[in-house]
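What you see below is based on every heavy atom in this structure, not just the backbone, and it leaves out hydrogens, waters and symmetry mates. Counting from 1, the numbers follow the sequence of the chain as shown.
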Amino acid sequence: MTNQRRAPIYEALEKLRKQRVVPFDVPGHKRGRGNPELVELLGEKCVGIDVNSMKPLDNLCHPVSVIRDAEDMAAAAFHAEHAFLMVGGTTSAVQSMILSVCKRKDKIILPRNVHKSAINALVLCGAVPVYVNPEVNSQLGISLGMEVSCVEQAIIENPDAVAVLVNNPTYYGICSDLRSIVRVAHEHGMKVLVDEAHGTHLYFQPQLPVSGMEAGADMAAVSMHKSGGSLTQSSILLTNKGVNADYVRQIINLTQTTSGSYLLLSSLDISRRNLALRGEESFAQVMKMAEYARKEINEIGGFYAYGKELVNGTSVFDYDVTKLSVYTLGMGLAGIEVYDLLRDEYDIQIEFGDMSNILAYISIGDRLQDIERLVGALADIARLYKKDSTGMLTGEFISPKVVSSPQEAFYAEKKSLPIKDTKNMISGEFVMCYPPGIPILAPGEMITEEIIEYIIYAREKGCSMQGTQDPEVRNLMVLV
């Protein structure tokens, strides 16, 4: 663990700060002197290290010194063969994984409840999705994990597929049997890609579900800024043995900026060090807080904070107990309604609310008094706002009928129609609630009456709707 005590990028920035170098390069604010309002907002130390790539600081596109050292340390900390520091969020990491293994017309096996970044990657490269539609918990209205038998069936029916993509865990904490999926896929010569946007902590706490690298996956996209403590938009892409890291770097450089932010890079460096040295202890405390919150919320009545009891060995192989997911329909309130109440009436900002659940994201920066405040607010909401739930919709996933590839539909000739007039037509764009960013509808999918009703209901309930050309999400672009 000795080398994990270093933070090479951070150390290089500190050395640069002490040198008082006169900047005749970009960025144009010149250490903040040209933008005093920015200095007032962020502080001199922050804007002072918002610098451009230079020899002492290395270059993210082709690292040979301090960034390379930081990547090597990240790889060791995450038990990977190689690690890439990413400044375009886990969106860019997910897309780089897919673009690294998929070309036009290639098939990739994946669950339909993926983040939009995965389907966007298919739009870019022209690969064809083969969906393993997950089982749905009809009470909670959430999609579950990928069952190994279903993945194996998809592999047998599509022997020409090049990869399998798995969420580990889902936004709601559901984990698939990742080790078995990796084994089956590798037996058939397919790569396994893991979206671990919500799984950074799995690498540092042995009591949590298995991580992608430990399970033997080929690549994993890890969102350090979500549960790992780094700045928003910073992420890590991990590769395992047998993956050509130099080729992956070329793929990353197709879309990632050539002006990597040293604020983001240093935050990744420092956060990796923090997790390597203190992660096990920190996430043990996170688990303890989440379990305490679950117990207290379930004693309120009406709300249901679910956890390990969902595990069934198949569609829910394991559960990430750090996720505080709470079912709200028993209170007669949609998740988005509870989300709005917490923010507007109690000054509590949770991660998201959907049709039937809320998610409070608990991580290394939370305190027990914050948990107490959340529990107290939910108890107050139960007392003041509870109502009859008759007629309320549930479910965040509607199994789609795929008619054409995302790329073909996205670039096809389209026309705009009112949503209510699009039944049995083919969508040419995305529709989703964000967060969680799982498309209700993706390009190339058939629009059904159920989907139309769901979109209108979600919009009227106040969900943040995204993906459509129409900013008010009243019209959809459909194939002509």
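A distance-only check finds no donor-acceptor pair linking the side chain of His79 to the backbone of Ala75 [under 3.5 Å]. For the pair Glu196 (side chain) and Gly212 (backbone), a donor-acceptor distance under 3.5 Å is present. Of the possible donor and acceptor atoms, none in the side chain of Ser211 sits under 3.5 Å from a partner among the backbone N and O of Tyr203. Ser96 places a side-chain N or O within 3.5 Å of a backbone atom of Ser92 that can act as its donor or acceptor partner. A distance-only check finds no donor-acceptor pair linking the side chain of Ser176 to the backbone of Leu178 [under 3.5 Å]. At least one donor-acceptor pair under 3.5 Å links the side chain of Asn312 to the backbone N or O of Val316. Listed for the Thr314 side chain is no donor-acceptor partner under 3.5 Å among the backbone atoms of Glu147. Looking only at distances, a side-chain donor or acceptor of Asn137 sits under 3.5 Å from a matching main-chain atom of Gln139. Judged purely by atom type and a 3.5 angstrom limit, Glu309 uses its side chain to pair as donor or acceptor with the backbone of Gly307.
No cation-pi contact links Lys323 to Tyr306, judged by a cut-off of 6.0 Å to the six-membered ring centre and 45° from its axis.
A salt bridge links Glu408 with Lys105: the distance from a Lys NZ or Arg NE/NH1/NH2 to an Asp or Glu carboxylate oxygen falls below 4.0 Å. Residues Glu71 and Arg249 are paired through a salt bridge, judged by an N-O separation under 4.0 Å between the basic side chain and the carboxylate. The pair Glu445-Lys401 fails the salt-bridge criterion, with no side-chain N (NZ, NE, NH1 or NH2) lying under 4.0 Å from an Asp/Glu carboxylate O. Salt bridge status for Asp318 with Lys308: present, with a side-chain N to carboxylate O gap under 4.0 Å. Using a cut-off of 4.0 Å between Lys/Arg side-chain N and Asp/Glu carboxylate O, Arg68 and Asp58 are scored as not salt-bridged.
His186 pairs with exactly one of Val192, Val164, Ile181 by the side-chain contact (heavy atoms from CB on, under 4.5 Å) rule, that one being Val192. Looking at Ile452, Asp470, Asn475 one by one, the single match for side-chain contact (heavy atoms from CB on, under 4.5 Å) with Pro418 turns out to be Asn475.
No side-chain heavy atom of Met355 sits less than 4.5 Å from a side-chain heavy atom of Leu329. Residues Val194 and Met219 fail the side-chain proximity criterion, which asks for heavy atoms closer than 4.5 Å.
The two residues Val210 and Arg179 come nearest to each other via the heavy atoms CG2-NH2, 3.5 Å.
Atoms CG and OG1, from Leu479 and Thr422 in turn, are 12.0 Å apart once rounded to the nearest 0.5 Å. Distance check: Leu264 CG to Leu60 CG gives 10.0 Å after rounding to the nearest 0.5 Å. Note that CZ of Phe303 and CD1 of Ile297 are 8.0 Å apart. Values are rounded to the nearest 0.5 Å.
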- May I have the step-by-step check of side chain to side chain contact (heavy atoms under 4.5 Å, CB included) for Leu231 and Leu263, ending in yes or no? CA-CA 8 Å; Leu231 290 178; Leu263 297 175; 4.2 Å; yes

- I would like to know whether Ile174 and Tyr319 meet side chain to side chain contact (heavy atoms under 4.5 Å, CB included); could you show each step before the answer? CA-CA 5 Å; Ile174 307 295; Tyr319 189 81; 4.0 Å; yes

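Counting heavy atoms of neighbouring residues, nucleotides and ligands inside a 6.0 Å radius, atom NE2 of His62 does not exceed 12 of them.
A ring-centre distance under 6.0 Å is found for His82 and Phe84. Ring-centre distance between Tyr361 and Phe352: not below the 6.0 Å cut-off.
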